[in-house]
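Only heavy atoms go into these numbers, but all of them, side chains included; no hydrogens, no water, no symmetry mates. Each residue takes its place number in the sequence, starting with 1. Here the structure is a predicted model, which means the values were calculated and not measured.
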Amino acid sequence: MTDGAPEVPIRTPDQRLRVFVSSTLKELEPERRAARAAIEGLHLAPVMFELGARPHPPQQLYRAYLEQSDVFVGIYWEHYGWIAPAEEISGLEDEYRLAPRHMPKLIYLKQPAEREERLTELLNRIRDDDTASYTPFTTTEQLAELIEGDLATLLAERFDAARVGARPVVEEAPALAPEHIPVPYTESVGREQEVATLLDWLGDRTQRVITLVGPGGIGKSRLAIEVARSAGQSFDRVTFVQLEYVAEPVDVLPAIARELGVRDSGDRPLSEQLGVARAGRRDLIVLDSFEHVLSAASDVMSLLNELPDATFLVTSRARLRIRGERVFDVEPLGLPPDPARASVESISEAPAVRLFLNRARAADPRFEVTAENAEGVARICLALEGVPLAIELAAARIRALTPAAMLGRLDRMLPLLVTAARDIPERQRTIQATVEWSIDLLSPEARALFVRLGVFAGDFSLDAVEAISADAPWAADLLGPLLELVDGSLLRLHADDGVPVYSMLVPVREIASARFALEPDAAAVRRAHGEHYLQLAGEIGPLLQGPTQAGALTRLEAERDNLRAAYRHMIAEGEVDAVALAVWRLFLYWWIRGEFPEAKAWMEDVLHAGVPLRDHTRAIALGLTSWVSLLQPGAQVDLGPIEWSLALFHAVGDKLGEGGALTALAIACTAMTPPDFERAEGLQRRALELVTPDEHPTFAGLFRDALGNLVLSKGDVDQAIEIFEGLLEDARRQEDVFIESITLANLGWARLAHGEARPDIFVRDLELSLRLGNEDGVGYALEGLAACAAAVGDIDRAGALFGAAETVRIRTGLVDQRSNVTYLPIVERILASDRAAEFQSARERGRRMPRRAALDFALAATQATAEAGVGATPT
């Protein structure tokens, strides 16, 4: 270190700056999500209490979190927060008081508000505090922008201050934070050395497949999450693929493709499509819970060949046994020394004891390792062999049992349960025994509920639990046994768009599933499960239109695995009519989230189920499969199935379905050679007469949008602009983000045809598409921005944006779609000019851009294109 230079702490990659977020939970749930996204977008770590914690987090817990945090963010609105018994202030105020005075504090106030008196008093004190900034906001979007801007400014100022007197060499980090990684429910304890070793292995590019091997409950998944979160800066993208819900080995590649956002076009092997989509990308792909799909290891080998720059981190109970695999044995946590001779301090330092203390405090904040109980805690950890899941389950009982009492029960239960399954590895027997022990401590009602929960294929909501328990004698008091399972760590609770969602760890789920398979009422419960998710489609379907759209999408995404399992089961049971109707009701979900190919596969199963079909069912199956075929690359236009579905929809009196079939037929007419625009426009205007905005606002908008496209294709630009601008106004009034997004894309192209380059229109489309999770919309927006750049002569920017758009299209599997009609003439003209080489070089650069870098580049392109001139015609 240079003499006189200040000591600046240097953080290793696993020590990202932590931002503590303080707010009430229920009233500010959307704002909390926006804050988390903004913080993670800056590669920082948000520290937040969610529904998995008690309503009033223990003071010791959030004090510890505050001590490990670097920045305090407070988000306040109307409520002061809950005051716990024997406390005088709420957790909200306590968190602010406990934040160190030197810690930067960013305070955000939601307006307008009718605030509780005590919150107003707190805010007055904060306003007078010269260590805190104080900013009002009105929308979640504005809050996200404020947090991102304030944190960026704060970090820049701190960095400048820290480097005074020193001249460090700083290399720019990749502009991509770790994405698609599950948020851990609990803090990682005792795995620091393992994380460091695995990060070192990942840094060696010759290590292509690293497999974390160990029994269930040893902590493989939690370790993989920690490594993935820390490794993000070394990779263009980190993708976490949870395989515990994947039923068959053949479904592994599709699961990887879904998480990478690559849609299977069906025209070549999926591994090749993934290779094309991720070419040149340095990917870290985490495959979690691989043990039940081990025969898919050959697919991993094929991906190794197709993705030469990718690294795979796999968790499994058995090694994959493929070339190049490096195995990391995940060991139990470090155990305490002999408690008869060790001090309380040395016992407390052992990783296994640290985990026990951490989880015990979550159940009882008053718990401490003391001279009186240290030996009991140590012997519990020794008896459980340092297995994390076993320790967590035991610690969860600390409110009901002292360590000594707990140890006495374990001493009796473990030998009995372990000897019952001699063919299971010793550590696995310990985990199974501990889970069984935890189950046996439950009330009869909670045990019965636990068995029924084995029907679920993924995370599930309270409504779903109520549905499968409706006929049980204990169903009237369902919350009691449900909370008992949560308290016993057999269930985990988190929030998804304000809806409580439950999940199980893999070893716990396996035991629940095994017990459920032996349940006498299993068939009835499975049917109740299927009927619930059929009914859910009817409830959520209407909410996919208008202001409830985003919440409905999030809800369906949370229970996607159960939707799949339920619909497959019901088709196998012959309930094809009900499944077809449910899939039809969720039409907008499949479209927005790019899941049309899967919905199409179900409808093909319905058509070939070998059972009599109602006319409405056949209309839906034919209509949906033919509609999807129109979107897929290289598909031949066959009017027969569309016309058949149109006739059937008309016969059964389904006006919405008839309008959809008319629209599909109109699109098919425009895709013919030569296009039949006259017939297409007549069909589309008939569709508009069938569906009113009052009944089905989103579908009415889609039909109007299709008419605008037809008019534009015919060359009537002014009328097309008039249609799109009117539709845009209606969409904003109805708060329909999806219609606003696709209308913006079409309006942007109409303006280009009119001689106006309007990148601001496509930027707004890009923002909305990202908010919806609509990858097709992202592709349309990037294409539009590229065309705008070309219109003002910025060929380098146009090439890079076209290249980035092509990467999105390859990933989504829609390379040869109709949008090529809009931008291909522009590309062809540039390639025929003397600037072709410049364009191609930039295009290749755009294809190689990491996703986040491409999005940042696209957003930055707006001002540059606008400054270059508005009103130019395409080159």
Side-chain angles (χ1 to χ4, degrees), residues 13-14 178-182 191 193-216 218-246 248-260 262 269-331 506 850:
D14 62 312
E179 293 183 306
H180 309 283
I181 303 172
R191 293 296 192 188
Q193 185 57 52
E194 289 91 334
V195 170
T197 298
L198 288 165
L199 288 174
D200 184 55
W201 287 14
L202 289 174
D204 181 356
R205 289 201 175 207
T206 64
Q207 305 295 331
R208 301 286 312 285
V209 181
I210 298 171
T211 306
L212 310 186
V213 174
I218 202 68
K220 301 184 298 297
S221 297
R222 185 64 183 84
L223 178 57
I225 290 173
E226 199 67 24
V227 171
R229 291 171 68 86
S230 301
Q233 295 296 332
S234 301
F235 293 88
D236 291 334
R237 173 178 172 135
V238 179
T239 302
F240 203 100
V241 186
Q242 293 174 300
L243 298 176
E244 61 180 287
Y245 310 136
V246 173
E248 301 293 338
V250 302
D251 295 327
V252 170
L253 275 186
I256 296 172
R258 276 196 302 273
E259 292 301 326
L260 283 169
V262 178
L270 185 52
S271 60
E272 290 184 19
Q273 296 177 60
L274 285 164
V276 173
R278 303 304 299 168
R281 300 300 197 273
R282 174 101 166 99
D283 281 322
L284 175 61
I285 300 173
V286 184
L287 304 178
D288 187 40
S289 302
F290 203 89
E291 58 275 348
H292 66 292
V293 288
L294 279 173
S295 60
S298 58
D299 292 330
V300 175
M301 278 299 301
S302 69
L303 282 184
L304 283 173
N305 297 325
E306 299 290 349
L307 300 172
D309 296 314
T311 298
F312 290 84
L313 183 65
V314 185
T315 73
S316 178
R317 296 183 192 178
R319 58 184 62 198
L320 276 57
R321 300 191 183 281
I322 60 177
R323 293 191 309 275
E325 178 185 26
R326 185 169 186 182
V327 175
F328 184 94
D329 289 308
V330 181
E331 300 290 343
V506 175

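Minimum heavy-atom separation, Ala297 to Ile322: CB-CG2, 3.7 Å. Closest heavy-atom contact between Ile218 and Val330: CG1-O, 3.5 Å. Here the closest non-hydrogen pair linking Leu284 and Ala228 is CD2-CA, 4.4 Å. Pairing each heavy atom of Phe235 with each of Leu202, the nearest pair is CZ-O, 4.3 Å. Nearest heavy-atom pair across Phe240 and Val286 is CE1-CG1, 3.5 Å. When all heavy atoms of Leu243 and Ser289 are compared, the pair lying nearest together is CB-O, 3.6 Å.
When side chains are defined from C-beta on, Glu331 does not count as touching Glu194, because their heavy atoms never get closer than 4.5 Å. Val276 is not listed as a side-chain neighbour of Glu272, based on a closest heavy-atom distance of 4.5 Å or more. In this structure, Thr315 and Leu223 have side chains that are not in contact, with every pair of non-hydrogen atoms separated by 4.5 Å or more. In this structure the side chain of Val293 never reaches within 4.5 angstrom of the side chain of Leu287, judged on heavy atoms. With contacts defined as side-chain heavy-atom distances shorter than 4.5 Å, the pair Leu307/Ile285 qualifies.
Remark: of the listed residues Lys220, Arg319, Glu325, Arg321, Glu325 is the sole one forming a side-chain hydrogen bond (donor to acceptor under 3.5 Å, both in side chains) with Thr211. Paired with Asp283 under the rule salt bridge (charged side-chain N to carboxylate O under 4.0 Å, His left out), one option of Arg208, Arg237, Arg278 passes, and it is Arg278.
Arg222 CZ to Leu212 CG: the interatomic distance, rounded to the nearest 0.5 Å, is 13.0 Å. To the nearest 0.5 Å, atom CZ of residue Phe328 and atom OG1 of residue Thr197 are 5.5 Å apart. Rounded to the nearest 0.5 Å, atoms CG (Leu320) and CD (Glu291) are 10.5 Å apart. Between the OG1 atom in Thr239 and the CG atom in Leu313 there is a gap of 12.5 Å [rounded to 0.5 Å]. To the nearest 0.5 Å, atoms CG (Asp251) and CZ (Arg258) are separated by 7.5 Å. Distance check, rounded to the nearest 0.5 Å: CD of Gln207 to OG1 of Thr311 gives 9.0 Å.
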Check your understanding: What's the verdict on side-chain contact (heavy atoms from CB on, under 4.5 Å) for Asp288 and Ile225, showing C-alpha distance, side-chain angles and the deciding distance?
Key -> CA-CA 9 Å; Asp288 187 40; Ile225 290 173; over 6 Å; no
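Evaluation of the salt bridge (charged side-chain N to carboxylate O under 4.0 Å, His left out) test over residues 294-303, restricted to residues two or more places apart or in two chains, returns none.
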